[in-house]
Novice: 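Structure incoming, see below.
Just so it is clear, the structure is predicted and the values come from calculations on it, not from any experiment.
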Amino acid sequence: MTLGMEILEGLNPAQKQAVETIDGPLLIIAGPGSGKTRVITHRIAYMVRVRDVLPYRIAAVTFTNKAAREMKDRLERLVGPHSDALTVGTFHSFCAQMLRRDGSHVGLSPSYTIFDSDDQLALIKQAMELADIDAKQFPPQAVRSTISKAKSILVDAQAFARNQQNYFEERCARIYHHYEELLARNNAADFDDLLMRAVQLLQDNQEVRERYQERYHYLMVDEFQDTNVAQYRLARLLAEERHNICVVGDPDQSIYSWRSADIRNILSFQNDYADAATISLEQNYRSTGKILEAAKQLISANGIRLNKDLFTDNDQGKPVTIHEAYDEGEEASFVIDEIARLVREEKMERGDCAVMYRVNAQSRALEEACLHRGMKYRLVGGVRFYQRREVKDLMCYLRLLHNPSDEVSLTRVISVPPRGIGAKTMRDMADWAQRENVPLYTAMQYLAALNKSGDTLPVNLTSRAVKSISGFVEMIDRLIDFASKLPVVDLIDRVIEEADLEQYFKKDEGQTEAGRGEERWENIRELRTTAQEFNAEEPPNGLSTLLERLSLVADVDGYEESGESITLITLHQAKGLEFPVVFIVGLEEGLLPHSRSMESEDQMEEERRLCYVGITRAKKLLYMLRAFRRGFMGRSGPTLASRFLRDIPQEITATIRAPGPVATPAPRTISRRIKDSADSWETVSSPKPARLALNVGDLVRHTAFGEGVVTGWEPDASDVQVTVEFRDGVGVKRLLLSFAPLEKIEG
């Protein structure tokens, strides 16, 4: 067998065509379960082993570390030792490494810190103080989201200020300006900066751009439907010279518009590259025929898509199970009882089963049912390991040693453990540092030096505070020196010893904390184990790589299959995974589809795509559940069956223990059920008033409170709670959109 035949063996005709199409732009429409990763890795192997492309010239980018890890593992087997020369990783890791090397052109030193969402929020609050804007009137989370969306479409602070459209955006523009100043002061970048600054680097610096274009002759982009404006612009800049760009994705699985993913990227690729070839991967290897038919019928109702005819040679399988429970408690009980039956009678493992839901809050009833019945479970997206207090504390020590300008980390570790340096002392030092235009740690070093020499301090501090600051500075200076010499694990040990962290983390704080000390210390030991992977790198490179890797960890990256526990996971997090048995719960109007989508056809189509993603995670069995009544976010009441249930053909479904047929009333009705003496159920419908479509920044008028601006909103069961800052001294009010007498002020 020739080398080319070996790589192409076992591929279907469409997969083979995709692997052999090497030069020029290529769009691969990859349906769910169609062997997308196999095609990507075999295509790269074909380039290297058959077409003699140097691995050094190939880059492949995707969206999760988990997907990148799977690609690397497969390529190691297909390409062999030369696979190390390939560039395979996430967009963010690719950009982070680019900025480590060349970030000085855009104002970042190689030791810059990547700020996570918590760090960003802390900095947003500081920026709001500098802008003299009340965080109670303008929620920092909403401001952060607005700035993030601006960066995702490559709008910097100056451009945002020029183009602000309303009162809320005017406030955000002021905050954005100070936020960028604080990032620069901290020598830091947030997640969106990694993309925006990488694009800026390539756009504005011809020498750097040409160097990367000469380095990468072939570029592959996985999950292309999830790219935003910045990511697509980055890809086009890299492929600008040779146009050897291959994008792989499926518009039917575009579910991240709230992260600024732009479905238009994949829909317009052929317009951007007029000579692009298009290949559709339509054979599904994952699901049974009936599950696939359910998915096809559901998604066919969408208008924004590229048609493809999915098919499978798998068995037709069992019908899709539709179940209606009375409330969320009964829904959860049914799920856990059915999993127990599958384990007992069908010889399934608990790890074969996943329960998926629209919002994280739905996990509560499921977790309670698991605990009540002794069912082991794993909750994906709970408190992430790297966000646990003790882990973040130690990480901030390491970040400070790597980047002493990182004031967010400095402010956190200055009191871990407590040193008698209070909030007022920190504020006074920070104010003085800002006046002198020096980083906070530099200011502390200067104060410690003045104290040692007996000179007068420029800041009025207590003698106790000065002594504590001097001791802290001496310790950090020693550790910074060690960071340049010690392997990363040895450095962690030295930090723990110098800062006396073991005793601090092991200490239990009262009865409610009993046993938590040992748990915290176990988490520290786990972090130390993680660091072993980077111990062989020359100092301080090991520390830099560790910090970069851990800054970019996502919830699903740590997911590993287990036969012992069922998986509880949101539909968004489930993308890219597959399970023999899938339960989708909460198929009700206002939940799936979500209430936020009701007034927008584009958002409704995305909700349908989200349901489609959930369905196509299932290999053998699929259950779709709804509750007649649901208590959610402090409210309880009857629900409407999701319109998506109507899209599933009756001939491929089976109903279990439902009180009555699943009915989907016409839009804008409220369904309530009345139980009579014969234990039968009657559905009565009454009209529901049309709901306003509001966005953050819209001007509104209330009959009692007057005029105001929308500063935030969040789902509340089948309703939406809006936050409005009213004028004329009325202040901030939180209102349920269905009941509030609001009208939108146009213009």
Side-chain angles (χ1 to χ4, degrees), residues 31-33 252 284 286-302 309-328 330-339 341-342 345-346 348 352-358 362 571 574 578-589 591-593 604 607-628 630 639-667 671 673 680-681 683:
D252 288 340
N284 179 285
R286 177 186 298 154
S287 304
T288 65
K290 288 180 180 175
I291 291 173
L292 189 62
E293 183 63 23
K296 288 171 61 176
Q297 292 300 320
L298 173 77
I299 203 63
S300 65
N302 271 7
D309 186 19
L310 298 179
F311 69 95
T312 185
D313 291 338
N314 294 341
D315 293 338
Q316 284 300 297
K318 294 184 177 181
V320 175
T321 298
I322 307 291
H323 177 70
E324 182 184 77
Y326 179 71
D327 58 17
E328 68 271 19
E330 186 184 282
E331 178 186 64
S333 295
F334 171 82
V335 169
I336 304 309
D337 289 345
E338 183 65 6
I339 292 174
R341 186 192 69 80
L342 292 172
E345 299 178 10
E346 306 289 339
M348 294 280 187
D352 292 337
C353 304
V355 191
M356 301 178 186
Y357 36 85
R358 177 62 177 83
Q362 288 175 262
L571 287 160
E578 60 180 36
F579 302 88
V581 183
V582 167
F583 296 80
I584 303 177
V585 300
L587 276 150
E588 299 138 26
E589 293 289 294
L591 196 50
L592 184 62
M604 182 59 70
E607 290 294 299
R608 185 175 279 106
R609 293 195 293 267
L610 186 59
C611 188
Y612 173 81
V613 164
I615 290 173
T616 55
R617 300 310 93 196
K619 297 165 72 174
K620 295 181 179 179
L621 297 175
L622 173 65
Y623 296 78
M624 304 180 74
L625 296 92
R626 64 153 299 204
F628 161 61
R630 185 173 298 275
T639 68
L640 299 179
S642 171
R643 67 191 70 191
F644 299 152
L645 291 173
R646 282 186 304 189
D647 296 322
I648 312 300
Q650 289 188 358
E651 58 268 22
I652 64 169
T653 66
T655 302
I656 298 180
R657 292 200 304 116
V662 175
T664 306
S671 173
R673 292 194 166 192
S680 62
W681 296 86
T683 299

Novice: Do NZ/NE/NH1/NH2 and the carboxylate oxygens of Arg608 and Asp647 come within less than 4.0 Å?
Specialist: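 Yes, Arg608 and Asp647 are salt-bridged.
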Novice: Mind checking the CG-OG1 spacing from Leu622 to Thr653? Nearest 0.5 Å is all I need.
Specialist: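 Spacing of CG (Leu622) from OG1 (Thr653) equals 10.5 Å.
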Novice: side-chain contact (heavy atoms from CB on, under 4.5 Å) between Thr639 and Leu591: does it pass, once the steps are laid out?
Specialist: CA-CA 9 Å; Thr639 68; Leu591 196 50; over 6 Å; no
Novice: Listed by chain and number, what are the side chain to side chain contact (heavy atoms under 4.5 Å, CB included) partners of Lys619, not counting sequence neighbours?
Specialist: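 In terms of side chain to side chain contact (heavy atoms under 4.5 Å, CB included), with neighbours along the sequence ignored, Lys619 is linked to Arg286, Glu578, Pro580.
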Novice: So, applying salt bridge (Lys or Arg N to Asp or Glu O under 4.0 Å) with Glu588, which one of Arg630, Arg626, Arg358 is it?
Specialist: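 The residue from Arg630, Arg626, Arg358 that satisfies salt bridge (Lys or Arg N to Asp or Glu O under 4.0 Å) with Glu588 turns out to be Arg630.
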Novice: Looking at Ala295 and Ile615, what are the two nearest heavy atoms and their distance?
Specialist: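 Smallest heavy-atom distance, with atoms named: CB-CG2, 3.8 Å.
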Novice: If you apply the rule side-chain contact (heavy atoms from CB on, under 4.5 Å), what do you find for Val581 with Lys620, and how did you get there?
Specialist: CA-CA 6 Å; Val581 183; Lys620 295 181 179 179; 5.6 Å; no
Novice: Report the distance from atom CD of Glu324 to atom CG of Leu645, rounding to the nearest 0.5 Å.
Specialist: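 If we round to the nearest 0.5 Å, Glu324:CD and Leu645:CG are 9.5 Å apart.
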Novice: Which residue in the set Asn302, Ile299, Leu571 passes side chain to side chain contact (heavy atoms under 4.5 Å, CB included) when paired with Tyr612?
Specialist: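 Filter result, single survivor: Ile299.
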Novice: Let me see the working for Ile291 and Asn314 under side-chain contact (heavy atoms from CB on, under 4.5 Å), right down to the final yes or no.
Specialist: CA-CA 11 Å; Ile291 291 173; Asn314 294 341; over 6 Å; no
Novice: Before giving the answer on side-chain contact (heavy atoms from CB on, under 4.5 Å), spell out for Asp315 and Thr288 the whole-Å C-alpha distance, their side-chain angles and the decisive distance to 0.1 Å.
Specialist: CA-CA 6 Å; Asp315 293 338; Thr288 65; 5.6 Å; no
Novice: Residues in side chain to side chain contact (heavy atoms under 4.5 Å, CB included) with Asp309, at least two apart?
Specialist: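 Only Glu282, Lys296 meet the side chain to side chain contact (heavy atoms under 4.5 Å, CB included) criterion with Asp309.
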Novice: Answer yes when Glu338 and Arg341 have at least one side-chain N-carboxylate O distance shorter than 4.0 Å, and no when they do not.
Specialist: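 Salt bridge present between Glu338 and Arg341.
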Novice: Hey, could you give me the CD1/CD1 distance between Ile339 and Ile336, rounded to the nearest 0.5 Å?
Specialist: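 One finds 4.5 Å between CD1 of Ile339 and CD1 of Ile336.
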Novice: If you round to the nearest 0.5 Å, how far is SG of Cys611 from CD1 of Ile584?
Specialist: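 Result: 5.0 Å between the selected atoms.
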Novice: If you round to the nearest 0.5 Å, how far is CG of Leu621 from CG of Asp352?
Specialist: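 Result: 9.5 Å between the selected atoms.
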Novice: Does Lys318 pair with Glu346 as a salt bridge, N-O distance under 4.0 Å?
Specialist: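 Glu346 and Lys318: salt-bridged.
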Novice: Please report the interatomic distance CZ(Arg643) to CG(Leu298), rounded to the nearest 0.5 Å.
Specialist: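 Reported value, rounded in 0.5 Å steps: 12.0 Å.
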